[in-house]
Amino acid sequence: MILPPATLGMLGGGQLGRFFVTAAHEMGYQVWVLDPDKNSPAAQIAERHFCVSYDDYAALDEFANGCAAITTEFENVPAATLDYLAKFVPVRPSAAAVAICQNRIAEKSFLRDNGLPHGPFAAINCEDDIRNADLALFPAILKVARFGYDGKGQVTVNSREEALLAFGHFKGEHCVLEQRLTLDYEVSVVLARDEHGQVQCFPTGENQHTQGILDVSIVPARTTGCVRGDAEEVAARIAEKLGYIGTMGVEFFISRGQLIVNEMAPRPHNSGHYTIDACVTNQFEQQVRALCGLPLGEARAHSASVMVNLLGDLWYDGETYREPDWTKLYAIPNLKLHLYGKHHARPGRKMGHFTVIGDNAEAVQKTALAARAAIGIKDE
Ligand code: ADP
Ligand code: MG
């Protein structure tokens with residue numbers, strides 16, 4: 001076991017990294033953050049910031065030398081960087097697990113090869129793959145295999161011709177072509193798995209997206225215990241097959257009553273932010289525990305909750321840039337506001353979130369939606 005006051009390494013300095021630093025500090029650890037952005041939210045509160053690129057090997061040497069173990073919050077850290085660091089210190093999750101989750105072709109193939117539920121898809125490496133794709137895939141969504149997030153790098157295509165055109169716009173990037181499914185609703189499971197294979201699943205949440213970005217998470221998901229249980233079981237199987245150590249998120253579709261895995265994230269997940277305020281242990285403390293070889297904490301939710309994302313759009317009143325009126329949110333006693341310390345708000349950028357907690361799930365939903373409207377978030 002790696003015990004405090006050891007120094008832990010975090011690759012990536014976004015809000016997920018910042019919450020990790022907070023959890024690690026609470027537990028008595030120190031944290032070094034490596035991220036090329038000089039204003040990164042996590043680096044602001046870490047003991048040390050390596051403001052370098054992920055392939056600066058001289059810096060990686062020094063980083064590994066000072067850290068007892070290393071983890072990541074950014075799924076696009078090059079797998080080669082993780083492999084390199086693992087020569088010197090424990091790196092969790094492994095490069096192999098991250099490599100699968102960071103490439104949609106590898107991810108979908110992993111699901112298929114392990115008999116896990118997934119939607120119809122084709123790997124698109126060249127134009128001929130589109131010409132040979134099953135017509136039953138259309139209408140479809142063409143997604144770049146790497147570096148897509150928050151709905152970026154994907155486009156709906158109704159025919160082979162449209163797919164060819166879109167593939168051209170992605171400039172030959174490898175892609176997946178996915179059948180566009182009719183979604184009843186979406187859920188996700190965040191879980192932690194330790195080095196002994198013990199898994200703790202947080203309760204399944206229901207997610208609403210707006211323009212491809214997570215907007216609202218409702219926990220527990222408003223569905224049957226059966227769907228929630230199946231989602232947790234599938235998520236745990238994925239973690240086991242990946243040999244995963246750490247916290248991960250699995251996104252699901254429910255399409256015509258069927259549970260289908262959408263994608264996996266090899267890190268804590270936005271839809272798991274409710275765990276900070278509503279669970280015995282939160283997803284970031286679990287990440288610290290799994291990284292350090294400590295036993296996992298209890299994942300049980302002590303409250304019903306609704307989490308609402310706060311995007312940069314809120315900082316704009318027409319053309320005017322100004323801070324939102326947080327007093328509207330402070331007035332609600334069972335609402336917890338979290339701001340990430342980002343210096344500049346851009347439309348679509350995740351700036352913070354709030355979580356409403358309580359015993360009565362319906363009352364919590366009402367309060368959260370009223371708070372969302374009060375702060376100025378409009379429905380599409
Ligand atoms: P990201 O990495 O940006 O989160 P996702 O693949 O999760 O990308 O897509 C974002 C959202 O777009 C999903 O949460 C879902 O609402 C919608 N979506 C993605 N793929 C499909 C699909 N095959 N059928 C229907 N809706 C989809
Ligand atoms: Mg997603």
Side-chain angles (χ1 to χ4, degrees), residues 12 14-16 73-77 98-112 116-124 133-159 162-163 166 170 173-190 204-218 221 223 231 234-235 238 247-273 307 309 311 347-350 353 379-380:
Q15 63 270 17
L16 302 175
E73 63 103 52
F74 172 56
E75 69 193 75
N76 291 318
V77 168
V98 172
I100 291 173
C101 301
Q102 66 186 193
N103 182 311
R104 292 188 196 274
I105 298 175
E107 184 176 53
K108 291 264 187 304
S109 309
F110 164 87
L111 294 170
R112 181 194 57 209
L116 294 157
H118 60 280
F121 76 100
I124 307 296
D134 190 344
L135 271 182
L137 288 175
F138 295 98
I141 303 181
L142 187 72
K143 301 182 182 176
V144 289
R146 294 213 52 189
F147 302 115
Y149 70 99
D150 286 346
K152 293 188 177 66
Q154 50 180 281
V155 54
T156 295
V157 288
N158 291 301
S159 62
E162 283 184 30
F170 290 144
E173 285 280 339
H174 294 185
C175 291
V176 290
L177 187 65
E178 288 182 28
Q179 187 175 77
R180 192 189 164 102
L181 302 167
T182 305
L183 306 187
D184 307 341
Y185 52 95
E186 297 183 65
V187 300
S188 62
V189 174
V190 176
T204 304
E206 174 184 342
N207 302 322
Q208 295 169 355
H209 297 84
T210 301
Q211 294 176 350
I213 308 178
L214 183 64
D215 182 357
V216 176
S217 285
I218 299 168
T223 176
V234 169
I238 289 173
T247 296
M248 75 178 294
V250 180
E251 299 177 14
F252 295 91
F253 298 141
I254 314 293
S255 174
R256 302 181 198 278
Q258 291 251 46
L259 182 75
I260 289 170
V261 178
N262 170 28
E263 60 170 352
M264 296 99 77
R267 49 169 174 74
H269 195 263
N270 191 172
S271 71
H273 285 355
M307 189 240 26
N309 264 340
L311 303 181
R349 188 173 197 206
K350 290 172 179 169
H353 74 268
D379 287 312
E380 263 190 324

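Counting convention: from 1, in listed order, for ligands and their atoms alike. For the numbers below, each heavy atom of this structure counts, side chains included, while hydrogens, waters and symmetry mates do not.
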Consider every N or O of Glu178 and every N or O of ligand 1, then say whether any pair is closer than 3.5 Å.
yes
If you measure from each non-hydrogen atom of Asn207 to ligand 1, which part falls under 4.0 Å: side chain, backbone, both or neither?
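Neither part.
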So which bit of Glu263 gets within less than 4.0 Å of ligand 1, heavy atoms only: side chain, backbone, both or neither?
side chain
Look only at the side chain of [X] and the backbone of [Y], and say whether a donor-acceptor pair between them is shorter than 3.5 Å.
X      : Y      : result
Ser255 : Gln258 : no
Glu173 : Arg146 : no
Asp184 : Gly257 : yes
Glu75  : Gln102 : no
Glu73  : Gly14  : yes
Asn309 : Leu214 : yes

What protein heavy atom is closest to [atom], reported as residue, atom name and distance in Å?
atom                    : value
atom 18 (N) of ligand 1 : Phe253 CZ, 3.8 Å
atom 26 (N) of ligand 1 : Leu183 CD1, 3.6 Å
atom 11 (C) of ligand 1 : Gly212 CA, 4.5 Å
atom 22 (C) of ligand 1 : Ile141 CD1, 3.6 Å
atom 10 (C) of ligand 1 : Gln154 NE2, 4.0 Å

Measure from the Mg ion (ligand 2) to every N/O/S atom of Glu251 and report the name of the nearest one.
OE1
For [X], is the [atom1] atom crowded, meaning more than 12 foreign heavy atoms sit under 6.0 Å from it?
X      : atom1 : result
Phe147 : CZ    : yes
Gln211 : CD    : no
Arg112 : CZ    : yes

Sub-4.0 Å atoms of ligand 1 with respect to non-hydrogen atoms of [X]:
X      : value
His209 : 14 (O)
Glu251 : 7 (O)
Glu186 : 13 (C), 14 (O), 15 (C), 16 (O)
Arg180 : 24 (N)
Tyr149 : 2 (O), 3 (O)

Going by heavy atoms, is Gly151 under 4.0 Å from ligand 1?
yes
Is a salt bridge present between Arg104 and Glu263, judged by a nitrogen-to-oxygen distance below 4.0 Å?
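Yes, this pair counts.
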Mind checking whether the Mg ion (ligand 2) has an N, O or S of Glu263 under 2.8 Å?
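Coordinating: yes.
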Side-chain contact, heavy-atom cut-off 4.5 Å: Ile218 with Gln208?
yes
I want to check something: taking the side chain as every heavy atom from C-beta on, are Thr204 and Phe252 in contact at a cut-off of under 4.5 Å?
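Thr204 does not reach Phe252 side chain to side chain.
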Minimum distance, heavy atoms only, to atom 24 (N) of ligand 1: which one of Leu181, Leu137, Asp150 is it?
Leu181
Residue selection (non-hydrogen contact nearest atom 2 (O) of ligand 1) among Glu75, Gln179, Arg104, Lys143
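It is Arg104 whose heavy atom sits nearest to atom 2 (O) of ligand 1.
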Verify the contact flag for atom 15 (C) of ligand 1, where contact means a protein heavy atom under 4.0 Å away.
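Neighbour list for atom 15 (C) of ligand 1 includes protein heavy atoms (cut-off 4.0 Å).
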